[in-house]
Amino acid sequence: MSHALKDRCAIVVGSSSGTGRATAIAFANAGARVVLAARRADQLEALASEIGENALSCPTDVQDAAAVDGLIQTALDRFERIDILVYATGTNIPERSLEVLTNETWDMMIRTNLTGAYYCTKAVLPAMRRQQQGLIIYISTVAVQMPDLSGISYQASKHGLVGLAHATFKEEQENGIRTSIIFPGLTDTPMVLKRPAPTPPEVMAKALQPEDVAEACLFVAALPPRTRVPELILLPSGL
């Protein structure tokens with residue numbers, strides 16, 4: 001897939017670390033022009049320097065609708081089109097059980113994991129409609145299919161991504177817009193450090209790597225426009 005995405009423009013939201021960072025690198029290696037979006041400007045700049053001239057750093061707070069609109073416009077100003085949007089932003093908290101979850105924390109989780117995805121989706125659709133083509137990939141979690149103790153705010157927000165993805169496709173398929181949602185299992189990313197108790201090293205040794213999820217995103221993105229992968233579950237083989 002060395003040139004599978006040649007000349008396509010992809011926005012990767014959440015590209016400062018973890019799965020988003022790995023996806024941005026994978027897409028760039030496949031020939032895409034990549035717009036890097038996240039809040040941490042220093043990490044975005046470092047990644048843009050690593051990727052080279054086909055990368056554009058655009059610090060963005062996805063909880064701010066105006067900032068998301070600015071992200072989309074910046075991508076269009078630089079590359080004139082947007083072929084792919086990957087929403088890889090996500091967070092969790094140690095204080096995740098109902099006993100300790102606060103209303104403020106619930107709101108923050110929904111804004112980051114779900115509302116930000118809605119802002120990005122709504123903002124990118126006009127450009128994709130004009131092109132009569134586009135792909136939106138959302139990164140969810142296997143906890144949607146296999147409920148666990150990752151917390152109700154996390155699971156509720158990630159369940160919401162499923163509705164957002166499928167409903168968007170139903171409304172926009174006549175415009176050539178496709179959606180896909182990926183459900184990774186345990187992945188060795190910084191978010192694991194936000195668990196209430198450390199995950200045993202022997203378990204983490206069997207976890208997915210961010211590059212594994214990035215390869216799944218690349219697989220979906222490289223398929224021809226006549227195809228669609230509505231959902232993809234990716235699990236560690238040893239867990």
(request) Kindly indicate whether the side chain of Asp188, heavy atoms from C-beta on, has any atom under 4.5 Å from the side chain of Leu208. (result) no
(request) Would you please say whether a donor-acceptor pair under 3.5 Å links the side chains of Gln133 and Asn175? (result) no
(request) Using side chain to side chain donor-acceptor pair (under 3.5 Å) as the criterion, list what pairs up with Tyr119, not counting sequence neighbours. (result) none
(request) For Asp77 and Gln73, test the side chains for any donor-to-acceptor distance below 3.5 angstrom and give the result as yes or no. (result) yes
(message) For Ile139, is there any backbone N or O sitting under 3.5 Å from a side-chain donor or acceptor partner on Lys158?
(response) yes
(request) Using modelled atom types only, decide if a donor and an acceptor are shared between the side chain of Ser180 and the backbone of Val229 within a distance under 3.5 Å. (result) yes
(request) Output, in order, the C-alpha distance, side-chain angles, deciding distance and verdict of side chain to side chain contact (heavy atoms under 4.5 Å, CB included) for Thr179 and Leu135. (result) CA-CA 6 Å; Thr179 65; Leu135 171 66; 5.9 Å; no
(request) Please name the pair of heavy atoms, one in Leu114 and one in Gly160, separated by the smallest distance, quoted to 0.1 Å. (result) CD1-C, 3.5 Å
Identify every side-chain donor-acceptor pair in residues 85-98 under 3.5 Å, counting partners at least two apart or on other chains, and give the distances.
residue	atom	partner	partner atom	Å
Tyr87	OH	Thr112	O	2.6
Tyr87	OH	Ala117	N	3.4
Thr89	OG1	Gly14	N	3.3
Thr91	OG1	Lys194	NZ	2.9
Asn92	ND2	Ser150	O	2.9
Arg96	NE	Ile93	O	2.8
Arg96	NH2	Ile93	O	3.2
Arg96	NH2	Lys194	O	3.1

(message) Donor-acceptor pair, distance only, cut-off 3.5 Å: does the side chain of Ser157 make one with the backbone of Ile110?
(response) no
(message) Contact between His166 and Glu231 at the side-chain level, heavy atoms closer than 4.5 Å - yes or no?
(response) yes
(message) Can you list everything that forms a side chain to side chain donor-acceptor pair (under 3.5 Å) with Thr187? Sequence neighbours excluded, please.
(response) none
(message) When you compare the side chains of Thr199 and Arg195, does any donor N or O come within less than 3.5 Å of an acceptor on the partner?
(response) yes
(message) Using only atom types and a distance under 3.5 Å, with no angle test, would you say the side chain of Thr227 pairs donor to acceptor with the backbone of Leu223?
(response) no
(request) Could I get the full list of salt bridge (charged side-chain N to carboxylate O under 4.0 Å, His left out) partners for Arg178, not counting sequence neighbours? (result) none
(message) Looking at Arg129 and Glu174, is any side-chain nitrogen of the basic one under 4.0 Å from a carboxylate oxygen of the acidic one?
(response) no
(request) Look only at the side chain of Glu45 and the backbone of Ser57, and say whether a donor-acceptor pair between them is shorter than 3.5 Å. (result) no
(message) Are the side chains of Gln155 and Asp148 in contact, using a 4.5 Å heavy-atom criterion?
(response) yes
(request) Check Met128 against Asp83 and note the closest heavy-atom contact, atom names and distance. (result) CE-O, 3.8 Å
(request) Kindly give the cluster partners of Phe169, where membership spreads through any ILVMFWY side chain lying under 4.5 Å from a current member. (result) none
(request) Would you check if Ile11 and Ile84 make a side-chain contact, meaning some heavy-atom pair closer than 4.5 Å? (result) no
(message) Are the side chains of Val213 and Thr23 in contact, using a 4.5 Å heavy-atom criterion?
(response) no
(request) Taking all heavy atoms of Leu101 and all of Ser153, pick out the closest pair and write down the distance. (result) CD1-OG, 4.0 Å
(request) Without swapping roles, check the side chain of Asp61 against the backbone of Arg39 for a donor-acceptor pair under 3.5 Å. (result) no
(message) If you define the side chain from C-beta out and look only at heavy atoms, does anything of Phe183 sit under 4.5 Å from Met146?
(response) no
(message) Within the structure provided, determine whether Leu235 and Val142 are in side-chain contact (heavy-atom separation under 4.5 Å).
(response) yes
(message) If the condition is side chain to side chain donor-acceptor pair (under 3.5 Å), which residues does Thr60 pass it with, not counting sequence neighbours?
(response) none
(message) Under a 3.5 Å distance rule, please check whether Arg8 uses its side chain to pair with a backbone N or O of Ala221 as donor and acceptor.
(response) yes
(request) Please tell me if the side chains of Leu232 and Leu234 come closer than 4.5 Å, counting only heavy atoms from C-beta onward. (result) yes
